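Values in this document were obtained by computation on a predicted structure and should not be read as measured data. Numbered from 1 within each chain, the chains take letters A, B, ... in sequence-line order.
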Number of protein chains: 4
Amino acid sequence: MERDIKDNFSVREKIYRAAVELFARKGYSGTTIRNIVQKAEVTQPMVYYYYGNKEQLFTSCIKELYNQLTTVYQKIDPELPFDILLKKMLISGKEKFADFPEGLFLMARFAYSPDEFPRMIDIIHVFSTPLDLLISAIQKAKNKGEIVDYVSPQLFSFALFGTLGFLATVHFMKDRFEIFKSMDIDVSIDEIVKLFAYGVLKK
Amino acid sequence: MERDIKDNFSVREKIYRAAVELFARKGYSGTTIRNIVQKAEVTQPMVYYYYGNKEQLFTSCIKELYNQLTTVYQKIDPELPFDILLKKMLISGKEKFADFPEGLFLMARFAYSPDEFPRMIDIIHVFSTPLDLLISAIQKAKNKGEIVDYVSPQLFSFALFGTLGFLATVHFMKDRFEIFKSMDIDVSIDEIVKLFAYGVLKK
Amino acid sequence: MERDIKDNFSVREKIYRAAVELFARKGYSGTTIRNIVQKAEVTQPMVYYYYGNKEQLFTSCIKELYNQLTTVYQKIDPELPFDILLKKMLISGKEKFADFPEGLFLMARFAYSPDEFPRMIDIIHVFSTPLDLLISAIQKAKNKGEIVDYVSPQLFSFALFGTLGFLATVHFMKDRFEIFKSMDIDVSIDEIVKLFAYGVLKK
Amino acid sequence: MERDIKDNFSVREKIYRAAVELFARKGYSGTTIRNIVQKAEVTQPMVYYYYGNKEQLFTSCIKELYNQLTTVYQKIDPELPFDILLKKMLISGKEKFADFPEGLFLMARFAYSPDEFPRMIDIIHVFSTPLDLLISAIQKAKNKGEIVDYVSPQLFSFALFGTLGFLATVHFMKDRFEIFKSMDIDVSIDEIVKLFAYGVLKK
DNA sequence: AATGAATGAGATTTCATTCAT
DNA sequence: GATGAATGAAATCTCATTCAT
């Protein structure tokens with residue numbers, strides 16, 4: 001007798017995963033509790049039992065995801081050569097969310113939607129921790145003389161996060177939108193590192 | 001006798017501007033017709049009179065904005081040296097929307113929200129024209145031997161768009177979220193060009 | 001062609017009358033918006049269109065009723081002999097609400113349900129104005145030496161209001177509860193005046 | 001080691017006391033099972049274990065309270081002089097509920113809320129027993145020629161009950177509503193007796 | 001006797017939209 | 001062009017109640 005893989009998850013986990021996926025796709029307002037419970041195959045009051053209300057469900061998802069990302073980044077040795085460090089960050093982030101890429105997509109989307117969630121201001125700080133980790137790694141590389149000083153660590157990290165967020169989104173859209181079909185995200189980590197580390201103009 | 005600047009706009013324009021601003025901030029689902037008419041200081045049926053319904057209002061906004069961007073990009077000579085070309089694109093885009101930055105923010109947001117708008121598939125193509133212009137410019141530079149070949153034009157343009165979108169978002173959030181206060185978007189066009197054209201690692 | 005008397009009322013009035021009647025019978029929490037719109041024969045959103053929400057509908061009803069009562073009481077000359085004054089108050093209150101006795105019942109009920117309505121504290125003051133009018137009338141009679149001084153104006157007015165409230169309630173319950181069937185409220189105003197003015201003990 | 005006084009009550013008693021207090025304040029519909037179990041510090045199913053359902057819990061409370069009142073009244077000798085009898089009733093009722101005044105408040109409230117409880121008709125009779133005791137005492141006094149005959153026993157008892165109910169309510173509201181702060185219910189039993197026995201007009 | 005988890009039904013409220021004028 | 005009034009459908013959330021243990 002075949003069983004759905006979902007049967008392995010508790011009610012709480014089912015809600016979490018359905019919520020992350022839907023929030024990532026449709027946004028906070030575009031996702032209804034009914035959407036979530038239908039996808040999760042649970043009853044409506046269970047959402048309120050476990051998460052209180054829609055807002056708290058959303059913040060729980062966001063906090064959980066960003067904490068996971070922060071944990072992964074913190075495991076990387078900040079003294080590594082810069083291009084190695086960069087590559088490690090990309091790879092470890094990718095691996096961590098390999099079995100649940102919706103998490104990455106939601107994080108990306110969250111960063112681009114300043115007022116979609118009514119209480120954004122209460123949770124925006126979770127977003128700054130991984131960003132700060134990257135910024136201080138770049139500052140360190142600058143101090144060690146590894147990288148040029150005409151680019152600020154802040155701009156660099158914003159550019160990297162923007163790029164990754166957009167790539168995640170493109171990947172997410174790939175299946176359904178013809179124009180993104182040709183993009184292959186799987187081989188591009190090396191490309192990203194090269195782009196950001198070495199630039200594109202021939203000297 | 002002083003008059004509000006809004007008095008110079010027609011009802012149709014008032015609705016358009018209010019809609020763009022709100023869609024940019026709150027997203028499609030997070031914006032209600034009532035929000036729009038309150039901000040625009042018009043009555044509800046006017047939206048339906050001029051735009052048909054909410055979906056058509058949204059697509060009108062998106063199409064208008066992307067067409068403006070495309071027009072601007074098409075005016076740039078694609079034979080220019082790559083770093084000059086890059087800088088021109090950034091500057092002309094910025095200037096075009098200088099008096100209505102919400103337009104930029106909405107375009108950025110739109111690109112990151114694959115399923116927020118129920119008929120995304122009907123309008124996604126407007127998004128690809130400016131992207132294609134950039135991709136073909138890069139390809140041209142590659143063909144001319146200006147830039148290295150280890151970076152694909154596609155990745156490069158995705159990275160650039162992702163970066164710009166994120167910067168626009170950060171700018172948008174700046175006033176309200178402490179963590180973005182220190183970022184100064186006005187001086188960064190040169191930095192962006194340098195980052196993408198020359199890379200960061202010292203050779 | 002027969003028409004329901006309700007057809008003469010506007011939507012707003014229909015809602016008001018249905019709400020007063022139901023709040024009087026079932027209380028604030030026991031009355032649902034659906035109950036109200038069914039009785040009023042209007043659609044649900046009309047309640048929100050005209051009154052904002054359930055709480056505001058309730059406070060609107062209460063304020064309207066108590067203001068009517070206050071207006072009636074203010075028309076009575078406070079210099080009248082006390083038993084005449086008393087009788088006038090009872091009669092004018094009764095007449096004012098003759099065609100809409102539910103209003104009286106709701107006022108009575110409201111006075112006995114300190115926390116039934118979540119924002120009681122915001123509207124309790126409407127209740128004190130007619131009470132104060134009575135208290136000061138009694139004080140005046142006391143000053144003029146018309147009435148004994150072993151009863152405080154406050155207790156007297158509380159007793160009178162309690163009595164009237166209970167009589168209104170009994171009247172309200174009469175039709176449905178056997179035990180109140182024999183009570184005839186119509187002949188009792190004189191009795192009430194006598195009871196309060198002359199007491200019951202033979203001297 | 002200090003312990004909360006509540007620890008002395010059984011689960012059943014905890015539920016009863018919490019229920020009476022909440023029903024008195026918020027009414028039947030305004031009180032939720034969750035309110036009750038939170039105040040009682042027990043779990044939800046316990047309510048159903050001990051009382052069956054919310055309706056039965058309510059009727060249990062009402063019956064218990066009115067039976068206590070009836071028992072108290074039955075102990076008073078109906079042959080006493082009327083003003084003595086009256087005073088005895090007031091004092092003994094007050095003493096009986098001295099340590100649990102919420103019981104008095106609930107009885108008062110119950111009498112003013114004809115349809116708040118859906119099965120009022122099933123329990124309204126408990127209310128008539130103490131009322132009947134008073135009515136027949138008055139009738140007896142009338143027969144003995146103690147009191148005037150221009151006031152019916154029924155009106156008299158309604159007035160007394162209305163007065164007492166209102167005073168109980170005022171007392172209940174005292175702490176929270178400024179307008180009742182000055183009322184002192186503790187010294188007023190004598191006043192009540194005088195008011196009802198002797199009236200207020202000087203002869 | 002007691003509990004954490006679960007549920008169907010229904011509560012309040014808001015939505016996009018339309019009608020009559 | 002423009003509006004106040006109105007609506008069906010669906011949103012979030014809470015309710016009394018029960019199940020499995």
Test side-chain contact (heavy atoms from CB on, under 4.5 Å) applied to Lys63(C) and Ile123(C), step by step: CA-CA 8 Å; Lys63(C) 284 178 181 170; Ile123(C) 49 170; 3.8 Å; yes
What are the residues of residues 45-53 of chain C, sorted by number, that bring a heavy atom to within less than 4.0 Å of DNA chain E?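 Contacts with DNA chain E under 4.0 Å: Pro45(C), Tyr48(C), Asn53(C).
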Distance check, rounded to the nearest 0.5 Å: [X] atom [atom1] versus [Y] atom [atom2]?
X	Y	atom1	atom2	answer
Tyr112(A)	Met107(A)	OH	CE	13.0 Å
Ile124(B)	Ile121(B)	CD1	CD1	8.5 Å
Lys54(C)	Leu57(C)	NZ	CG	9.0 Å
Phe58(D)	Asn53(D)	CZ	CG	13.0 Å

What is the first contacted nucleotide of DNA chain F and what is the last, in 5' to 3' order, if contact means an atom lying under 4.0 angstrom from a heavy atom of chain C?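 For DNA chain F, the relevant span reads dG4(F) to dG8(F).
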Parallel, tilted or perpendicular, as decided by the 30° and 60° cut-offs, for the rings of Phe127(B) and Tyr66(B):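 The rings of Tyr66(B) and Phe127(B) stand perpendicular, inter-plane angle above 60°.
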Please determine if Arg109(C) and Glu116(D) form a salt bridge, counting it only when a charged side-chain N lies under 4.0 Å from a carboxylate O.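 Counted as a salt bridge, because a side-chain N and a carboxylate O are separated by less than 4.0 Å.
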Run the side-chain contact (heavy atoms from CB on, under 4.5 Å) check on Phe110(B) and Leu65(B) step by step: do they pass? CA-CA 11 Å; Phe110(B) 175 74; Leu65(B) 290 169; over 6 Å; no
Taking a pair as Watson-Crick (N1 to N3 plus N6-O4 or O6-N4) or G-U wobble (N1-O2 and O6-N3), both under 3.5 Å, which stems of 3 or more consecutive pairs involve DNA chain E?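 For DNA chain E the paired stretches long enough to count as stems (3 pairs minimum) are E:2-21 with F:2-21.
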Any side-chain heavy atom of Cys61(D) sitting closer than 4.5 Å to one from Tyr16(D)?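 Yes, their side chains come closer than 4.5 Å.
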Just distance, no hydrogens or angles: give the donor-acceptor pairs under 3.5 Å from side chains in residues 21-32 of chain C, sequence neighbours left out.
from     : atom 1 : to        : atom 2 : distance (Å)
Glu21(C) : OE2    : Lys39(C)  : NZ     : 3.3
Arg25(C) : NH1    : Asp115(D) : OD2    : 3.2
Tyr28(C) : OH     : Glu55(C)  : N      : 3.3
Thr31(C) : OG1    : Leu22(C)  : O      : 3.0
Thr31(C) : OG1    : Gly27(C)  : O      : 2.7
Thr32(C) : OG1    : Arg34(C)  : N      : 3.4
Thr32(C) : OG1    : Asn35(C)  : N      : 2.9
Thr32(C) : OG1    : Asn35(C)  : OD1    : 3.2
Thr32(C) : OG1    : Asn35(C)  : ND2    : 3.2

Quick one: Gln44(D) CD to dA1(E) C1', roughly how many Å, whole number?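 These atoms are roughly 17 Å apart.
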Please find the pair of heavy atoms, one from Arg17(C) and one from Phe100(C), that lie closest to each other, and give the distance.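 Between these two residues, the closest heavy atoms are NH2-CD1, 3.5 Å.
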Which heavy atom in Gln44(B) sits nearest to a heavy atom in Tyr48(B), and how many Å separate them?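 Nearest heavy atoms, Gln44(B) then Tyr48(B): O-CD1, 3.5 Å.
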Which parts of residues 20-35 of chain A get close to DNA chain F, meaning a heavy atom less than 4.0 angstrom away?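 Output list: Thr31(A), Thr32(A), Ile33(A), Arg34(A).
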So Val42(A), base contact, sugar-phosphate only, or nothing? Heavy-atom distance under 4.0 Å.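 If one applies the 4.0 Å heavy-atom cut-off, Val42(A) turns out to touch nothing in the nucleic acid.
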Identify, with sequence neighbours excluded, every residue that meets side-chain contact (heavy atoms from CB on, under 4.5 Å) alongside Val11(C).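 With sequence neighbours excluded, Val11(C) shows a side-chain contact (heavy atoms from CB on, under 4.5 Å) to Ile15(C), Val42(C), Met46(C), Tyr50(C), given in chain and number order.
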